[in-house]
Amino acid sequence: MDTHGSGSRARAAWPRSVDEALAEQERMRGLADLTSPGPAPGNVRLVAGVDVSYARQGDALVAAAVVLDATTLETVEVALVEGTVTFPYVPGLLAFRELPPVMAALEKLTCGPDLLVCDGYGVAHPRRAGLAVQLGVLTGLPCFGVAKTPFVFGHQEVGEERGYGAALTSDDDEVVGRVLRTQPGVKPVFVSVGHAISLDHACAHTLRLAPRYRLPETTRRADHLSRERLRAITL
DNA sequence: GCGACAG
DNA sequence: ATCTTGTCGC
């Protein structure tokens with residue numbers, strides 16, 4: 001895929017310390033498009049999901065980028081990258097740990113997706129600059145995040161039926177995401193926008209990508225493939 | 001000051 | 001993220 005264009009403008013020295021990361025994160029947040037409605041499900045042909053698996057011992061990791069046909073959910077292309085950890089896990093700075101290998105995987109793709117889905121949060125983040133925000137800015141593609149566990153924002157009860165949701169609200173009454181029930185009677189997921197897409201569209205995509213399981217197929221497949229490759233090189 | 005804290 | 005046995009259900 002084309003990782004230049006609007007993406008190259010956002011690229012800078014990749015942080016190696018927490019202080020540098022905080023400064024870079026603030027810069028990236030300023031480059032994010034948080035107002036465009038972006039593509040509705042009907043306007044997306046290819047959607048890509050990314051994920052990273054880590055070895056329990058040592059610093060080996062494997063990143064996966066999986067492209068699906070947005071209509072049939074068939075896998076169109078897969079890219080895997082083996083690498084090593086270059087940044088520690090720090091709550092709020094996950095992007096600096098995961099994005100280097102994720103970008104490498106996306107660069108191996110021959111087809112250019114119209115939309116990116118990642119594990120974790122976008123603007124529903126302490127500094128409004130989660131993983132999905134930074135990935136969207138770096139690639140220039142519409143991007144949103146689907147997280148599996150709560151982070152910093154609370155919400156009201158969510159109906160048990162599939163498709164029901166409740167706003168994730170910041171202290172100042174700002175809607176920064178939505179807790180969304182993707183399967184009836186199953187723990188909901190946390191959707192938040194990253195770049196160039198609206199929360200409504202992000203939730204619509206999430207529901208279409210999760211017809212059978214709690215998590216979007218993009219995330220499920222990227223997770224399976226990266227984990228499978230990791231075990232192969234770890235043993 | 002102390003805990004909590006996406007993956 | 002990763003570790004980790006059995007168990008309930010389609």
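Throughout, protein chains are lettered first and strands after them, A, B, ... in sequence-line order, and every chain is numbered starting at 1. Values reported hereafter were calculated over all heavy atoms of this structure, with side chains retained and with hydrogens, waters and symmetry mates removed.
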With the side chain of A/Phe151 defined as its heavy atoms from C-beta on, choose the nearest nucleotide among B/dC5, B/dG7, C/dT2. B/dC5
Check the distance between C/dA1's C1' and A/Phe96's CZ and give it to me in whole angstrom. 19 Å
Just the rounded figure in Å: distance from P of B/dG7 to CZ of A/Phe87. 18 Å
Please report the distance, rounded to the nearest Å, between CZ in A/Arg212 and C1' in C/dC10. 7 Å
In terms of side-chain geometry, is the basic nitrogen of A/Arg181 or A/Glu161 positioned less than 4.0 Å from the acidic oxygen of its partner? no
Reckon A/Pro150 touches a base, only the sugar-phosphate, or nothing at all at heavy-atom distances under 4.0 Å? sugar-phosphate
Provide the closest heavy-atom pair for A/Leu61 versus A/Val85 in the form atom of the first, atom of the second, distance. CD2-N, 3.6 Å
Roughly, in whole Å, what's the span from CD in A/Glu98 to C1' in C/dA1? 8 Å
With heavy atoms under 4.0 Å as the rule, sort A/Leu61 into base, sugar-phosphate or nothing. nothing
Which stems, defined as runs of 3 or more consecutive Watson-Crick or G-U wobble pairs with both pairing distances under 3.5 Å, involve DNA chain C? none
Assign A/Tyr54 to base, sugar-phosphate, or nothing according to its heavy-atom contacts below 4.0 angstrom with the strands shown. sugar-phosphate
Under a 4.0 Å N-O cut-off, is there an ion pair linking A/Arg178 with A/Asp200? yes
Test of understanding: clusters of I, L, V, M, F, W, Y form through side-chain heavy atoms closer than 4.5 Å, transitively. Do A/Phe96 and A/Leu31 belong to the same one? yes
Base, sugar-phosphate or nothing for A/Gly145? Non-hydrogen atoms, less than 4.0 Å. nothing
Any side-chain heavy-atom pair of A/Tyr121 and A/Val152 under 4.5 Å: no
Verify the stacking flag for A/Phe190 against B/dA6: centroid separation must be under 5.5 angstrom and the ring planes must differ by under 30 degrees. no
Starting at CD of A/Glu228 and ending at P of C/dA1, how long is that distance when rounded to a whole Å? 17 Å
Return yes if some donor-acceptor pair links the side-chain N/O of A/Arg127 with the main-chain N/O of A/Glu26 below 3.5 Å, else return no. no
By the 4.0 Å heavy-atom rule, please label A/Leu93 as base, sugar-phosphate, or nothing. base
Rounding to an integer number of Å, can you tell me how far A/Arg227 CZ sits from B/dG7 P? 12 Å
Could you give the CZ-to-C1' distance, from A/Phe153 to B/dA6, as a whole number of Å? 12 Å
Is the backbone N or O of A/Val179 less than 3.5 Å from a side-chain atom of A/His155, with the two atoms forming a donor-acceptor pair by type? no
Phosphate OP1/OP2 of C/dC3: any A/Arg56 side-chain N/O under 4.0 Å: yes
Would you mind reading off the distance between A/Lys148 atom NZ and B/dG7 atom C1', rounded to a whole angstrom? 7 Å
